[in-house]
Structures are given as C-alpha cells and as structure tokens.
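Keep in mind that this is a model prediction, so the values were computed, not measured.
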Amino acid sequence: MPRQVDHESRRRLIAEAVCDLADEHGLEGVTLRDVAARAQVSMGAVQRCFRTKEEMLVFALGHIGERIGERVRARLVRSPAQSAGTALGLAATEISLLREEHRAEARVWLAFVAQAAVNEALAGTLRANHAALQEAFTRLVAEAGEGADRAVPLDPQREARRLLALADGLTTHVLVGHLTPHEAHDVLHAHLAGLWE
C-alpha cells in the first residue's frame, strides 16, 4: 500500500511541475526533461508514472480540475446554512478564477483549453469536468429558482450552461486585460442577481 501512495504522490508532484511550466511557457514549453527537472525527479520516474506526454498532460488537467473542485466544496462547507442562490454565486465566482491568487491557474487552464481544440484526449477531460459542473449548477439553479417569483420559470439546465459560459469568458477577458477582476465580478454578480428577478 505505501508504494501506491508514493506513486500517486509522485504523479501529483509531476502534475504541479507541468502546471508551473505551462504557466511560464505555455504547453509548448512543457517537455519531459523540463518536467523532471522542475519536479526534481529523474526522467525515468516521469516515464514510470506516465507512458506518454499526452497521458501526463491529461492527468495534469484533471489535477487542476480537482483543485478547483476542492476549493468550491471547501467554500460551500464554510457556510453550510446558505441559500442555493448564494451557493451558486460562490461556486461561479470560484470557477471563474478571477482572484489574483488564481491568475496562474487561469493561465494554465487557458493553455489547456487552447490545446484541447486539437487534442481529443484533453478535450474529453474538459468535457467530463464541464458535465460535472453543469450538473451541479443545474441542481443549484433549480433549487434557488423554486422560491423565485418570475413570470417565466427558469430553465435550470439552460441557465447553468449560460452561467458556465459566462464564467469561462470572464476568465479569458481578465487574463487578456479586457476587464479588471472587479469589473468581471460586477458582470458575474449582475447576471446572478438577474436570474431571480
């Protein structure tokens, strides 16, 4: 059993090295040799953990998704008595990666998204992560919309899709400097407030 734990720990260490290099140089700057050097392991150790570079990148992308998911869950657990609408706002804010401390993560995520346009393995990982988020957001929208007095009822699945697309777009707009993080937060929260009117 300790050997398995060590193997998983090493895979996460390598994934962190991939993310650091992708942040600095984009995914094109991620080589097995540089990953091994950054992770302070041998090339053989990297190759024992991952058969191919693509397998390593897919794992690293999943690792980023897990980190973000853990932050969303932790943020929701800190305020367990909140409404579904508040939980939705917290989750949307977290996945938008707008805060300064998440800027590197946002750059890495965008590098993976760009590469996924030409790499089916990465695209499949992104689709799976997105499907899980959409399911959670659909549930939160449906729950929050139950008490809303609207002339036209919300379509929870459509609203979840809209919100996720908005969050993705805001991440990109902040990274390229089109919006400040504060402006992006305003856009996001105005959209959320509009859901319940």
Check Asp34 against Gly29 and note the closest heavy-atom contact, atom names and distance.
OD2-O, 3.9 Å
Evaluate the criterion side chain to side chain contact (heavy atoms under 4.5 Å, CB included) for residue pair Val174 and Thr180; output intermediate values, then yes/no.
CA-CA 6 Å; Val174 169; Thr180 67; over 6 Å; no
Of all heavy-atom pairs between Ala167 and Ala92, which one has the smallest distance, and what is that distance?
CB-O, 4.4 Å
When rounded to the nearest 0.5 angstrom, what is the spacing between CD in Glu55 and OG1 in Thr52?
5.0 Å
Can we say Arg139 and Glu135 salt-bridge, meaning some charged N sits less than 4.0 Å from an Asp/Glu carboxylate O?
yes
So how far is it from Arg48 CZ to Ile14 CD1, rounded to the nearest 0.5 Å?
9.5 Å
Between the CE atom in Met43 and the OG1 atom in Thr31, the distance rounded to the nearest 0.5 Å is 7.5 Å
Considering the options Leu13, Leu21, Asp20, which one meets the side-chain contact (heavy atoms from CB on, under 4.5 Å) requirement together with Val35?
Leu21
Arg103 vs Glu100, salt bridge (Lys or Arg N to Asp or Glu O under 4.0 Å): CA-CA, chis, key distance, verdict
CA-CA 5 Å; Arg103 200 60 43 82; Glu100 185 59 41; 3.3 Å; yes
Should Pro181 and His102 count as side-chain neighbours, where that means a heavy-atom distance under 4.5 Å?
no
Check this for me: does any side-chain nitrogen of one of Glu8 and Arg11 sit under 4.0 Å from a carboxylate oxygen of the other?
yes
Yes or no on side chain to side chain contact (heavy atoms under 4.5 Å, CB included) for Phe112 and Leu57, after CA distance, side-chain angles and deciding distance?
CA-CA 9 Å; Phe112 273 108; Leu57 292 178; 4.1 Å; yes
Could you pull out the closest heavy-atom pair between Val41 and Val46, with the gap in Å?
CG2-CG2, 3.7 Å
Would Phe137 and Ile95 count as a side chain to side chain contact (heavy atoms under 4.5 Å, CB included) here? Give the steps.
CA-CA 11 Å; Phe137 276 46; Ile95 66 158; 3.8 Å; yes
Euclidean distance, Asn119 CG relative to Leu126 CG, rounded to 0.5 Å:
9.5 Å
Take Leu97 and Ile68, measure what side chain to side chain contact (heavy atoms under 4.5 Å, CB included) needs, and give me the verdict at the end.
CA-CA 9 Å; Leu97 302 174; Ile68 295 168; 4.0 Å; yes
Pairwise distance CG(Asp186) to CG(Leu179) - rounded to 0.5 angstrom:
10.0 Å
If you take all heavy atoms of Ala144 and Gly85, which pair is closest and at what distance?
CB-N, 3.5 Å
What heavy-atom pair brings Cys19 and Val108 nearest, and what distance separates the two atoms?
O-CG2, 3.2 Å
Hey, does Leu27 have a side-chain heavy atom less than 4.5 Å from the side chain of Val30?
yes
Between Glu183 and His178, a side-chain donor and acceptor under 3.5 Å:
no
Would you check if His189 and Thr93 make a side-chain contact, meaning some heavy-atom pair closer than 4.5 Å?
yes
Charged N to carboxylate O below 4.0 Å: is that the case for Arg12 and Glu66?
no
Any side-chain heavy-atom pair from Leu163 and Leu88 closer than 4.5 angstrom?
yes
Is atom CD of Glu101 surrounded by more than 12 heavy atoms (other residues, nucleotides or ligands) closer than 6.0 Å?
yes
So how far is it from Leu110 CG to Thr172 OG1, rounded to the nearest 0.5 Å?
5.0 Å
Ignoring hydrogens and angles, tell me if any N or O in the side chain of Thr171 forms a donor-acceptor pair with the backbone of Ser96 under 3.5 Å.
yes
Does the pair Glu120/Arg127 count as a salt bridge with the N-to-O cut at 4.0 Å?
yes
Would you say Glu16 and His63 make side-chain contact, with heavy atoms under 4.5 Å?
yes
Shortest non-hydrogen contact from Leu192 to Gly89?
CD1-CA, 3.5 Å
